[in-house]
Every structure is written in structure tokens, then in C-alpha cells.
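Remarks on the structure that follows.
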Amino acid sequence: MARSATSARGGPRERDETDAARGAESPDDQPGPPALAVEGLTKRFGDGDDAVVAVDDVSLRVERGSVVGLLGPNGAGKTTLIKCALGIVIPDAGSVRVFGTDVRDGRRAAYADVDAMLEGARNDYWRLTVRENLRYFATIGGVDPDSVAARHDRLLDRLDLADKADTPVRDLSRGMKQKVSLASVLAGGAELVFLDEPTLGLDVESARTLRAELRRLAAEEGLTIVVSSHDMTTIEAVCDRVVMLSNGRIVADDTVEALLGAAASDAVRVASPDLDAETVDGLRERFEIVGVDREATPPAVTVAAGGDRLYELTDALRAAGVTVSDIRTVQPDLEDVFLERTGTVPDAAGAGLGGESS
Amino acid sequence: MSGGGRPPDASPTAGPATGDEPATGDEPATGDEPATGDEPATGDEPATGDEPRPATYYHLARAVLYREFLIFVRYPANAIGGIVVSLFFFAALFLGGQLLAGQALADSIEGIVVGYFLWTLAVGAYSSVSNDIGSEVQWGTLERHITTPFGFAPVALLKGVAKVVRTFLTSAVILAVMLLATGTRLSLAPVTVVVVAGLSIVSVLGLGFAAGGVTVLYKRIGNWLNLLQFGFVGLISAPVFDLPWTRVLPLAHGSAMLQRVMVDGVRLWEFPLADLALLVAVAVGYLLGGYLVFQYATGRARRLGVLGDY
């Protein structure tokens, strides 16, 4: 518990940057074990033919003080992964270590430093006031509430809840309830916090405020935050690093900048009614095809064509008799990266993308 | 209270000073210093004045009991509603009985009042625990009690204690009204009544935990388990003299003892040791059994991944 206070001294900003530069690979210069270390985690639900592999051999490290996003569509395994890390779901195989403590063995020790805001849950008592909730859950989280009263005040201040501190949660608006839920999770001073779809159901303004608060809390309190969402905006705004999940597997794991930067890779999107399968195959022999969109009208192909390659591409298009309707450079967002990584273009970019950037 | 403590060796900065530093929290001077977070890690003074201290079981007990107290006083309608409904049922029972049985009822009215008192206690303890678990599952707060560094058992036990205390308060009101309305006189030696009635309903508390556990696994069945409370009538009036084995059922033995306490004025220390031992054994046995069922059910729910499905 002393940890949240102490790590704030360490300058979490600084840590974020080193994390970003380092990626997930070199934890050695970190003092002590990482905030979260997942090894070969597998969880299957159901039996026989109906069995669904929710998490499939996932390994993941989250360094202290970083903000990591878990991105993936519904059913990708984000929530199961989080619940396994919390010990709420027991995995079939693999291990989860929180600050070096195995969640399975040293359950109680691990629990002192981790908390979560799970999707769709209230997480707090609506019949108690905001402050009563913070005090209650701080105690449940293993902290004497009197010793963190000032911290709670600060938390309420930051989340703009100070004047609602003595209001029962049930009387608050939805956005505020969500913030109380977040505050109650942070009240116990957990060092590692999982937030499952934290902006779900919030209006645009509330979601924006919450994102800003998350970013600030992470920096000022030195928290390690794992945010799961299918909302790219949230992830892009809040996280240093993104882990993309699809069908229970990690399909990408890198910094936001690296993923976006690598995906950009001077790609151009060419749209033309003449882009039939044969033409695309012809292009594929000479260029790196990043994406093919046959559904678009007219069909489009995204080609990695930086520098002089662009001239070669236009030559090739002319030679193939392709009349270009539209050509533009691609400014990718995480959504594009995600589509790319989850099979729209199988292995076109592959794992190499992350490597190139670092 | 190691359960609430955090391992001191896990400080993230791992600075030599921070790990050994006692979390005294009584350094007010540092509190004014802004936690800028962009300073180099000096490691020798807290960025904030509120250095957290680990919570002890005392804090835990205070938090859990205080929450129950707050909800009890802030939402008195629930308690009053329960009292009114119980009294209404008793009135129907009493007046209907008078019409049907006349003098026979008048002769056994003491036994009925005592039995009814115990029934309201049992129903209160059972349903508050099982409904509470059901609600906490819905609210997503149950997991937070399971993933506490204290472990779920002390939290559950404290909640159980709070429910029993609360139930005693409301049932005492019901008892008083029943006595006044029927003009019955009973022996109300407080220590004896509280100990015997209390131990009697601890067994029901165990059933409540078991039912709560089943609710975690099979959410729909949970509601049906509420019907079990009508079965308590049978347990309270179990023929423990004709069928001695029924004494090991929840409530039955305690009910017989409570009749002797309140009707015959027997005091706690006047009971044979074997009776008292059986009362304690039944209470502890069912509480432990119920808790194990709960533990098993939540363990299974964790494997099935249904814990925390909303």
C-alpha cells in the first residue's frame, strides 16, 4: 500500500517514456518484478464441441507505471484475461503474477495491490454516499481509511466529485456513478488497476473527462493501469502501449506510436473499378499489399509504397491498365491497425511491424 | 493482523529507505508538498502526507458493521416493513387460531409466541444473508469482497454478525408487540434468551451462506431457495422428544431449548452440558457447512467463469 505513495516519487512520466521506448521486452532495469506478468494463460469455457477458448496461450508483461490498453472486439478475451488476473476466473493453464506474487498461490498478498472496475458492474454501494464508499472499499482493500482521508479528498477533487462527497451514489448521474466506481477502485490504493470498458455508456463529454482523468491519475499517482475497451478512441487517448486481442490471442503488442507509425509505412490507398483479383495478384508480386477492400465501390487496394516505390506503383498501375479513381496516403488509426492484424490481410504485416518500429 | 498488511518488500521504487520506512502517516509537514511526479526519485520523503497504513481486522469490522448500521438507519422503511408484515402474519395466525381452536390456542399461546419469535429471527438471518449475497453478485461488489486481502471468510462472518444483530432488534420489537397484544407473560432473561436464540439461528446463517453460494452459481434457483424459510416452521416445531435425531437439524434443538427458557424460565446454566454442547455443535456445524458450500460454489463459479457475470 505504501507503494502508491512511493511510486509517485519515482516520476511515473519518466517511466512511461522509457516504457514506450523499450516496448515489452526489457524489464531488467525495473526495480523488482513487473506489475503484471502473465505466462501462457489459457482459459476454455464449456466442454466438447461447444467449448470456447476465451484466452489462448497469452503471455504478457506490464511494467510498473505504464498504461496499457487491451483492444479487441467483444469476445476477444479481454474480460476473461482481466478476471484471470484478478483471480475471479481460474485459468486452465498458465500463471498470473501481480508484483511478483502468483495470484493463485499468494492470493491475499496479491489482492492488496490490485483492483478492478469490471464492465457493467456498479462496483459500489448506491445507498452509501460517495465518501462512505471510498472509506469502505479502502478498508476492504486493506487500507486504514483514516490514513488515506486526504488522498480521498484529492481523488474526489480530481474527479470533480468533491461537492457530491456526501450524496448517496444512487442520486448521482450515470457519468458521476461511473466516476464514483472508478474512485472506489482507486480508494484502496491498489497499484495495479484494471478498467474494463470504463467509458461504456457514457456520453461523449463524460467519456472525454474520464479519459483525461485516467491519464492524469496514472501520471500523478504512478498507477499501473490496464484499460480494456473496444473503443479505439479511449485506448488511443489513454494508453502508452496497446495489446490487441483477437479470438483469445495477442495479435499485436506495441506502443501506440509504433503501431500507428508502422502501419502508416507510407502506404497509399488506390481505388479503381479495374482492380480485379488478377490485377491485385499482379501487384502483390512486386509490392507489399497492406490491405484489399473488394467491398468498396470502387474496389481499393492499400499498398506500401514509400519514396520512389510510389512512382513504380503508378507505372505498374498504368501498365496493368488501371484507371485510378482515387489515390491517397493512408493515415491509419488503431482501428486500421487492428483490422490489419486480425486477418483482413493475413500476415501481410505480420509481427514484423512492431519490430520495425522499435 | 498480517492479513491486512502488505508485503513491505514489494515497493516499486525499491529504494533502500522506502521499504523499511514505517508507514506512520504522521508527518504532516510533507502533506503540503505537491505531488508533482516529475521530480527525480529521492525516495526519502513521501510525496503526499497521507502515507497509507494497513487496515486491521478492527478496521474491517468497523467498516462492515458501520455499513450495515448506515443502511439500517438510512432506510428504516425496509426494517419497519418487515416488522409490519411479520406482525400482520402473527395477527392472522392468532385471530384465526382463536376462531378455530379457542381455548386450545389460549393454552399454547406462549409456545406459539416463542416459536414465532424464533421464526422471525431465523427468516431474518437467512434471507438477509442469502439476499445480500444475491444483491452483491448483481452489483459486482461480491468479487471485491472475495478479492480482499483479508479473505472472504472474516468479511462474511462480520456481515453475518451484523445481520443477526439487526434481526434481533427487529424481532425484539415483534416480540414486544406480540406479548402486549396477547397479554402473554414470558421469561425474558436477556443473556439466556440472546445466547440460546442466537446460537439457534447461527445454524440458519449457515443455510443462508449455502443458499447464497448456490445463487452465485445458478442465479434463478436462488429465488426459489427463499421458499426454504417456510420450512423453518417445521424445524422450529420439530418433535424433538419423539424423534431425538431431529435435534441435529438446524433450529430444532435450539427451538426446544428456547421454549424451556422463555416458557419455563430455565436459565442458561441450568441446562445440562450436553444440551448446550449440542446447541453449539449444531450452530458451528451448519455455519461451517454452509460456508464450505459457499466456498465450493464460488470456486466452481470461478472455474466456470460465471462469477462476475452481470
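Just so we're on the same page: letters track the sequence lines, and every chain starts at 1.
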Scan residues 146-160 of chain B for pairs that pass salt bridge (Lys or Arg N to Asp or Glu O under 4.0 Å), counting only residues two or more places apart or in two chains.
B:D132-B:K159, B:E136-B:K159
Between A:P145 and chain B, with a heavy-atom cut-off of 4.5 Å, which part of the residue counts as in contact: side chain, backbone, both or neither?
side chain
Turns out that what part of A:T224 lies under 4.5 Å from chain B's heavy atoms comes down to neither
In terms of heavy-atom proximity below 4.5 Å to chain A, should B:R144 be classed as side chain, backbone, both, or neither?
both
For A:D92, which atoms come within 4.5 Å of any heavy atom of chain B: side chain, backbone, both, or neither?
neither
May I ask you to decide if B:S135's main-chain N or O and B:Q138's side chain share a donor-acceptor pair within less than 3.5 Å?
no
Contacts of B:S171 that satisfy side chain to side chain contact (heavy atoms under 4.5 Å, CB included) - sequence neighbours left out
B:F117, B:T120, B:L121, B:T167
Scored by heavy-atom pairs under 4.5 Å with chain B, the best of A:F45, A:Y136, A:F137, A:Y125 is A:Y125
Check each atom of A:R135 against the heavy atoms of chain B and say whether the ones under 4.5 Å are side chain, backbone, both or neither.
side chain
Is any side-chain N of the basic residue among A:E220 and A:R154 closer than 4.0 Å to the acidic one's carboxylate O?
no
Check whether B:I71 gets within reach of chain A through its side chain, its backbone, both or neither, counting any heavy atom under 4.5 Å.
side chain
Would you call A:E213-A:R215 a salt bridge at under 4.0 Å N-O?
no
A:S147 side-chain N/O to B:R53 backbone N/O, donor-acceptor pair under 3.5 Å
yes
Could you check A:D240, A:V62, A:V226 and say which one makes a side chain to side chain contact (heavy atoms under 4.5 Å, CB included) with A:V67?
A:D240
Among A:S184, A:G100, A:S181, which residue has the highest count of heavy-atom pairs closer than 4.5 Å to chain B?
A:S184
Portion of A:T80 that has a non-hydrogen atom of chain B nearer than 4.5 angstrom
neither
